Visitor: 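Below is one structure. I have some questions about it.
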Amino acid sequence: MSDLTSRTAAQLTAGYQTGEFSPTDVVHAVLERAVEAQARVNAFVRIDGDGALDEAAESTERWRRGTPAGPLDGVPVTVKDMLLTRGVPTLKGSLALSEDGAWVEDAPSVARLREQGAVFVGKTTTPEFGWKGTTDSPRHGATGNPYDAQRTAGGSSGGSAAAVALGAGPLSLGTDGGGSVRIPAAFCGVFAMKPTYGRVPIHPASPFGTLAHVGPITRDAADAAALMDAVTAPDPRDWSQLGPVEGGFRTALAEGADGVRGLRIAYSPDLGGRVAVDPAVEEAVRGAVALLAELGAEVSEEDPDFADPVESFHTMWFSGTARVTQPFTPEQLDLLDPGLREVRDEGARASALDYLAAVDERMALGTRMGLFHQRYDLLVTPTLPITAFELGAEVPAGSPHDRWTGWTPFTYPFNMTQQPAASVPCGVGDGGMPVGVQLVGARHQDALVLRAAHALYEAGLASRVPAPPL
């Protein structure tokens, strides 16, 4: 039996169906790998070995009877510690929160996976309240990169990306308010997707409002499609949900036999010269763009031509940090990450008119991108302009920027516009660190983004990123 921790969710369920191995076999192997990942990079806030083995035993019996609960029955999954998980404290990386409580509720995406019989391996690390693009918190410390533990895994879903990269389950649920599934996916050499806002129901509502999305972090686009099919099911607790896509995402991949052939793709290497991109990153991304052209896409180098919305993003994002910490006592505020305290204070100074001005810029950006996608099916950019930098820092050494948004200019604009965007591993930069290419679609074109990503996987793009050393 080959290494069970290197298999995709699709390969695992195929093995369950034939009886080649069982969910119990897989979960034993994954738990062992999770313990190794924790020792190496601090990817978890909790590993639930006993609970996972109990769930695996139940799944094994369902598969033996030929009555799996769903397409993901028995597949190990991890959950970012921003999403409610029944029976487990959700502390969001914060010393200001207490473990006390009944913890009786699942977030919608967690509930849908539980209904399908997925096996919950553990909760993964996050910066405090998911506020920044690296993963370190006062409560749980810093999460290292699977390729170099002295570098960051990225964030804010850094624990999830590291866990998937190191074989601690093929599926993870993350959240993305400014790049938080795509950033760590690019740094850790795995796949991630931020769906159109509302496609995956959310509860409780995020203090970051409609910037915040729930999305998959997986080994490939096909697994992400299967995970999306599960978690896009309706939930009455989210009044802004869009509901599932007709036919489902796996069906869309199966029907997209032509892949990217004939798609109109705009490649923007640096957002019109605004972004300084590391040469090794640019080279890897250009290789992915060349592959899209080889696969039959009509590729043009063109910029969407928008001004950097970072100040408006800051107004909305920092206001969210002020809101989430508003009920805290002075003693609780003293426990916060110092950087979080700084942006919280800045957010608290923003007026309602400041916020509405940010909303105005957001709407104008959304209109611009809507018109851009009348001409182009997809926009392609680097996911990030750099590779992973030193552990424990919010920005790389020598950066002219104080905040994490200074090195994530390709990600947060598409939280502003609510568009689907995915990161696909496409090569390595200096030091052998992974590089990601970002695929951005028009709102509601999640299936198209997944189809293009799947075509790149089928063509072997991800093989340009070697597996992390184990």
Side-chain angles (χ1 to χ4, degrees), residues 79-84 90-94 96-97 107-109 126-135 137 154-158 160 173-184 192-215 237-242 309-328 336-337 339-352 354-363 365-366 394 403-405 408 411-421 443:
V79 178
K80 183 181 182 181
D81 198 36
M82 290 289 291
L83 297 170
L84 291 178
T90 298
L91 301 176
K92 305 179 181 181
S94 182
L97 299 184
S109 50
T126 175
E128 195 166 16
F129 300 108
W131 80 272
K132 60 182 175 180
T134 56
T135 298
S137 73
S156 62
S157 305
S160 287
L173 287 174
T175 62
D176 189 315
S180 289
V181 297
R182 291 161 288 156
I183 294 166
M193 180 172 173
K194 177 190 76 66
T196 300
Y197 178 78
R199 184 61 64 201
V200 180
I202 297 176
H203 175 80
S206 170
F208 301 106
T210 58
L211 293 172
H213 306 59
V214 171
R237 295 172 290 176
D238 184 355
W239 60 269
S240 64
Q241 65 184 312
L242 296 176
V310 67
E311 293 306 323
S312 291
F313 178 80
H314 282 172
T315 296
M316 303 180 81
W317 191 252
F318 296 170
S319 295
T321 65
R323 176 59 180 157
V324 76
T325 58
Q326 187 178 23
F328 287 3
L336 297 178
D337 178 331
L340 175 57
R341 286 202 302 271
E342 291 172 7
V343 301
R344 178 241 182 218
D345 291 345
E346 186 172 339
R349 291 192 292 270
S351 69
D354 293 331
Y355 196 93
L356 289 173
V359 171
D360 285 344
E361 182 171 10
R362 180 185 197 179
M363 290 190 293
L365 179 59
E394 184 182 343
R403 299 268 79 102
W404 61 272
T405 45
T408 61
T411 59
Y412 59 78
F414 304 111
N415 292 80
M416 299 280 282
T417 60
Q418 303 185 344
Q419 294 172 245
R443 289 180 77 245

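Given the structure is predicted, the values throughout are model-derived calculations rather than measurements.
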Visitor: Would you compute the distance between atom CG of Asp360 and atom OG of Ser312 and round it to the nearest 0.5 angstrom?
Guide: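 One finds 8.5 Å between CG of Asp360 and OG of Ser312.
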Visitor: Report yes if the side chains of Met316 and Tyr412 come closer than 4.5 Å at any heavy-atom pair, otherwise no.
Guide: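 Not touching, per the 4.5 Å side-chain cut-off.
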Visitor: Can you measure from CG (Asp81) to OG1 (Thr175) and round to the nearest 0.5 angstrom?
Guide: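 One gets 10.5 Å once the value is rounded to the nearest 0.5 Å.
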Visitor: Hey, does the side chain of Ser94 reach the backbone of Leu91 with a donor-acceptor pair shorter than 3.5 angstrom?
Guide: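 Checked: no pair found.
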Visitor: Who pairs with Lys132 by salt bridge (charged side-chain N to carboxylate O under 4.0 Å, His left out), at least two apart in sequence or on another chain?
Guide: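 Checked Lys132 against salt bridge (charged side-chain N to carboxylate O under 4.0 Å, His left out); matches are Asp136, Asp337.
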Visitor: Which heavy atom of His213 sits nearest to which heavy atom of Ile202, and what is that distance?
Guide: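 Taking His213 first and Ile202 second, the nearest heavy atoms are CA-CD1, 4.1 Å.
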Visitor: Which atoms form the tightest heavy-atom contact between Pro195 and Val200, and what is the distance?
Guide: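 Reported closest heavy-atom pair: CG-CG2, 3.9 Å.
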Visitor: Restricting to salt bridge (charged side-chain N to carboxylate O under 4.0 Å, His left out), what partner residues turn up for Glu128, sequence neighbours left out?
Guide: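 So Glu128 forms no salt bridge (charged side-chain N to carboxylate O under 4.0 Å, His left out) with any residue.
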Visitor: Is the closest side-chain heavy-atom distance between Phe208 and Thr321 below 4.5 Å?
Guide: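 Touching, per the 4.5 Å side-chain cut-off.
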Visitor: Mark yes or no for whether Asp238, through its side chain, and His203, through its backbone, hold a donor-acceptor pair below 3.5 Å.
Guide: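 No, because the side chain of Asp238 does not come within donor-acceptor range (under 3.5 Å) of the backbone of His203.
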Visitor: Can you tell me if Asp354 uses its side chain to pair, donor with acceptor, with the backbone of Ser351 under 3.5 Å?
Guide: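 Yes; at least one donor-acceptor contact below 3.5 Å.
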Visitor: Passes side-chain contact (heavy atoms from CB on, under 4.5 Å), Met82 versus Ser206? Steps please.
Guide: CA-CA 10 Å; Met82 290 289 291; Ser206 170; over 6 Å; no
Visitor: Are Thr325 and Arg344 close enough that a side-chain donor and a side-chain acceptor fall under 3.5 Å?
Guide: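 Yes, a side-chain donor-acceptor pair sits under 3.5 Å.
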Visitor: Side chains of Arg362 and Gln418: does their closest heavy-atom pair fall under 4.5 Å?
Guide: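 In short, these two side chains touch, coming nearer than 4.5 Å.
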Visitor: Run the numbers on Arg443 and Thr417 for side-chain contact (heavy atoms from CB on, under 4.5 Å), then give the verdict.
Guide: CA-CA 8 Å; Arg443 289 180 77 245; Thr417 60; 5.9 Å; no
Visitor: Are Val181 and Ser160 close enough that some pair of their side-chain heavy atoms sits under 4.5 Å apart?
Guide: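 No - every pair of side-chain heavy atoms lies 4.5 Å or more apart.
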Visitor: Report the C-alpha distance between Phe328 and Leu97 in whole Å, list the side-chain angles of each, state the deciding distance to 0.1 Å, and finish with yes or no for side-chain contact (heavy atoms from CB on, under 4.5 Å).
Guide: CA-CA 10 Å; Phe328 287 3; Leu97 299 184; 4.2 Å; yes
Visitor: Answer yes or no: is there a donor N or O on one side and an acceptor on the other, between the side chain of Arg323 and the main chain of Gly347, under 3.5 Å?
Guide: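 Not at all, since once roles are kept as given, no pair shorter than 3.5 Å links the two residues.
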Visitor: Please determine whether side-chain contact (heavy atoms from CB on, under 4.5 Å) holds for the pair Thr315 and Glu361, giving the CA-CA distance in whole Å, both sets of side-chain angles, and the decisive distance to 0.1 Å.
Guide: CA-CA 11 Å; Thr315 296; Glu361 182 171 10; over 6 Å; no
Visitor: Taking the inter-plane angle between the rings of Trp404 and Trp317 on a 0 to 90° scale, is it parallel (under 30°), tilted (30 to 60°) or perpendicular (over 60°)?
Guide: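 Because their plane-to-plane angle is over 60°, the rings of Trp404 and Trp317 count as perpendicular.
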Visitor: Is any side-chain heavy atom of Arg237 closer than 4.5 Å to a side-chain heavy atom of Pro201?
Guide: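 Heavy-atom side-chain distance check fails, nothing below 4.5 Å.
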Visitor: Can a donor-acceptor pair be found between the side chains of Lys80 and Ser157 at a distance below 3.5 Å?
Guide: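 Distance-only check passes for Lys80 and Ser157.
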Visitor: Which atom names give the shortest non-hydrogen contact between Leu340 and Phe129, and what distance separates them?
Guide: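 Looking at all heavy atoms of both residues, the shortest contact is CD2-CD1, 3.9 Å.
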Visitor: Where is the tightest heavy-atom contact between Leu365 and Pro413, given as atom of each residue plus distance?
Guide: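 Shortest heavy-atom contact: CD2-O, 3.8 Å.
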Visitor: Please name the residue in the list Thr411, Thr408, Asp176 that meets the side-chain hydrogen bond (donor to acceptor under 3.5 Å, both in side chains) test with Arg182.
Guide: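 By the side-chain hydrogen bond (donor to acceptor under 3.5 Å, both in side chains) criterion, Arg182 pairs with just one of Thr411, Thr408, Asp176: Asp176.
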Visitor: Shortest non-hydrogen contact from Tyr197 to Ser240?
Guide: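 Distance-wise, the nearest heavy atoms are OH-OG, 3.3 Å.
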Visitor: Which residues pass the salt bridge (charged side-chain N to carboxylate O under 4.0 Å, His left out) test with Glu311, not counting sequence neighbours?
Guide: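 For Glu311 there are no salt bridge (charged side-chain N to carboxylate O under 4.0 Å, His left out) partners, ignoring immediate neighbours.
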Visitor: Would you say Arg341 has more than 12 foreign heavy atoms packed within less than 6.0 Å of its CZ?
Guide: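 Buried by this count: over 12 neighbours within 6.0 Å.
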Visitor: Might you point out which heavy atoms bring Asn415 and Gly177 nearest each other, and give the distance in Å?
Guide: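 Of all heavy-atom pairs spanning Asn415 and Gly177, the closest is ND2-C, 3.0 Å.
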